[in-house]
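Below is one structure, written out as structure tokens; comments come after it.
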Amino acid sequence: MMENERIMNWNKVTWLVLMGMLCGLMACSNRYIEGTKIPDSSEAREVIQVVEMYRKALERRDVDFLAAMVSPRYFEKNGNSNSQDNYDYNGLLGFLQSPEFRAVSQVRMKIIYKAVDFNNDETVATVTYNYTADFKMPPQNFRETVVPLGDGYEVRDNYDEELWYSKNDQNQMVLEKRDDKWVILKGM
């Protein structure tokens with residue numbers, strides 16, 4: 001009888017060890033995209049890669065690349081009820097080519113991804129993230145001074161006195177899949 005009890009106990013221990021290993025494997029199968037708490041999937045990685053391409057293009061101030069990332073259906077409501085500051089694809093392109101945008105000489109942006117959500121047929125993705133953007137611009141009171149130099153003169157300005165500004169906020173970027181490529185629909 002003792003031998004049978006030992007075999008039964010051995011089987012129980014083996015069964016418990018196997019169940020523990022199975023539970024451990026199941027826990028490991030719920031992986032997240034590195035540096036986030038977003039469940040890992042090829043679709044989520046692909047969308048985050050597009051947002052990272054946006055971030056890098058913004059840092060390079062690559063207007064042509066940024067424009068190529070945008071859906072022709074782009075529309076921004078600016079998160080308020082004032083329709084005067086809404087803009088579409090052409091309005092965004094106008095801003096990217098504006099003197100205000102071109103005055104920014106450097107951009108650094110850090111993104112902390114919070115969520116990637118898809119519609120039912122996975123043709124629209126909403127990426128929620130927190131960001132810190134630092135940008136360097138000329139001083140608001142730009143001035144030029146004419147300085148006499150012998151028979152001529154030299155124009156000097158305070159452009160080199162650029163200042164760093166910082167913005168921290170949460171954003172949602174909406175992307176749509178067009179021709180098997182993710183493009184930005186809102187939130188740029």
Side-chain angles (χ1 to χ4, degrees), residues 22-82 85-98 100-137 162-188:
L22 182 60
C23 289
L25 287 173
M26 286 173 38
C28 290
S29 69
N30 191 9
R31 296 183 189 265
Y32 298 102
I33 295 174
E34 185 178 336
T36 74
K37 292 186 179 182
I38 298 170
D40 193 3
S41 70
S42 59
E43 297 82 10
R45 273 186 269 117
E46 190 177 343
V47 168
I48 287 177
Q49 183 180 22
V50 172
V51 179
E52 280 297 303
M53 289 169 34
Y54 156 77
R55 182 188 64 78
K56 291 174 183 175
L58 187 63
E59 288 182 339
R60 289 189 316 268
R61 300 179 51 253
D62 188 339
V63 171
D64 293 333
F65 193 86
L66 289 168
M69 296 183 76
V70 178
S71 167
R73 296 181 340 112
Y74 187 91
F75 189 77
E76 189 67 57
K77 290 179 96 174
N78 275 330
N80 60 44
S81 60
N82 180 3
D85 61 359
N86 295 350
Y87 56 94
D88 61 5
Y89 175 79
N90 290 326
L92 177 65
L93 293 183
F95 172 73
L96 290 174
Q97 297 166 354
S98 72
E100 293 84 11
F101 184 77
R102 294 198 180 267
V104 175
S105 65
Q106 288 184 325
V107 177
R108 294 185 302 226
M109 186 175 196
K110 180 180 178 185
I111 294 178
I112 300 171
Y113 294 96
K114 297 296 184 182
V116 176
D117 299 303
F118 295 92
N119 67 346
N120 288 338
D121 61 357
E122 294 190 354
T123 57
V124 175
T126 302
V127 182
T128 304
Y129 59 88
N130 293 342
Y131 71 92
T132 300
D134 298 315
F135 46 99
K136 193 173 185 182
M137 297 177 60
E162 289 185 311
L163 303 171
W164 281 99
Y165 299 89
S166 186
K167 180 173 181 170
N168 301 302
D169 207 350
Q170 184 177 53
N171 192 37
Q172 281 193 328
M173 183 177 284
V174 180
L175 299 95
E176 69 175 345
K177 199 159 205 175
R178 294 177 65 91
D179 302 323
D180 289 328
K181 178 182 164 189
W182 287 101
V183 291
I184 301 170
L185 189 58
K186 174 185 177 217
M188 193 167 195

Is Lys56 paired with Glu59 through a side-chain N to carboxylate O contact shorter than 4.0 Å?
-> no
Under 4.5 Å between any side-chain heavy atoms of Phe65 and Met53, yes or no?
-> yes
Flag side-chain contact, heavy atom, 4.5 Å: Tyr113 against Glu52 = yes
Are side-chain heavy atoms of Tyr131 and Arg55 found at a separation under 4.5 Å?
-> no
For residues Val183 and Glu176, determine if any side-chain heavy atom of one lies less than 4.5 Å from a side-chain heavy atom of the other.
-> yes
Return the minimal non-hydrogen interatomic distance between Asn171 and Gly187, and the atom names on each side.
-> ND2-O, 2.8 Å
Kindly say whether Val107 contributes a backbone atom to a donor-acceptor pair with the side chain of Arg61 at under 3.5 angstrom?
-> no
With rounding to the nearest 0.5 Å, note down the distance linking OG in Ser71 to CG in Asp88.
-> 11.0 Å
Specify the closest pair of heavy atoms between Ile184 and Tyr74, including all atoms of both residues, with the distance to one decimal.
-> O-CD1, 3.5 Å
Atom NZ of Lys186: over 12 foreign heavy atoms under 6.0 Å | no
Output for pair (Thr36 OG1, Tyr129 OH), nearest 0.5 Å, gives 15.0 Å
Any sub-3.5 Å donor-acceptor pair from Asp134's side-chain atoms to Trp164's backbone N or O?
-> no
Heavy-atom closest contact (Met69 atom, Val50 atom, distance) = CE-O, 3.2 Å
Measure the CZ-CG distance between Arg31 and Asp40 for me, rounded to the nearest 0.5 Å.
-> 8.5 Å
With a 4.5 Å heavy-atom cut-off, do Leu66 and Leu58 have their side chains touching?
-> yes
Given Ile38, which of Ile48, Val127, Thr128 fulfils the side chain to side chain contact (heavy atoms under 4.5 Å, CB included) condition?
-> Ile48
Calculate, to the nearest 0.5 Å, the distance between atoms CD and CH2 belonging to Glu43 and Trp182 respectively.
-> 8.5 Å
Check the pair Val124 / Val174 against side-chain contact (heavy atoms from CB on, under 4.5 Å), numbers first and verdict last.
-> CA-CA 7 Å; Val124 175; Val174 180; 3.7 Å; yes
Glu34 atom CD, over 12 foreign heavy atoms within 6.0 Å = no
Lys110 atom NZ, neighbour heavy-atom count above 12 within 6.0 Å | no
Kindly give the heavy-atom pair with the smallest separation between Met173 and Leu175, and that separation in Å.
-> O-CD1, 3.9 Å
Atom pair CD (Glu100) and CZ (Arg102), whose distance is rounded to the nearest 0.5 Å | 11.5 Å
Could you tell me the separation between the CZ atom of Phe75 and the OH atom of Tyr89, rounded to the nearest 0.5 Å?
-> 16.0 Å
Are Val70 and Met188 close enough that some pair of their side-chain heavy atoms sits under 4.5 Å apart?
-> yes
Minimum heavy-atom distance Pro39-Ala44, with the two atoms named = O-CB, 4.1 Å
More than 12 heavy atoms from other groups under 6.0 Å of CD on Gln49 | no
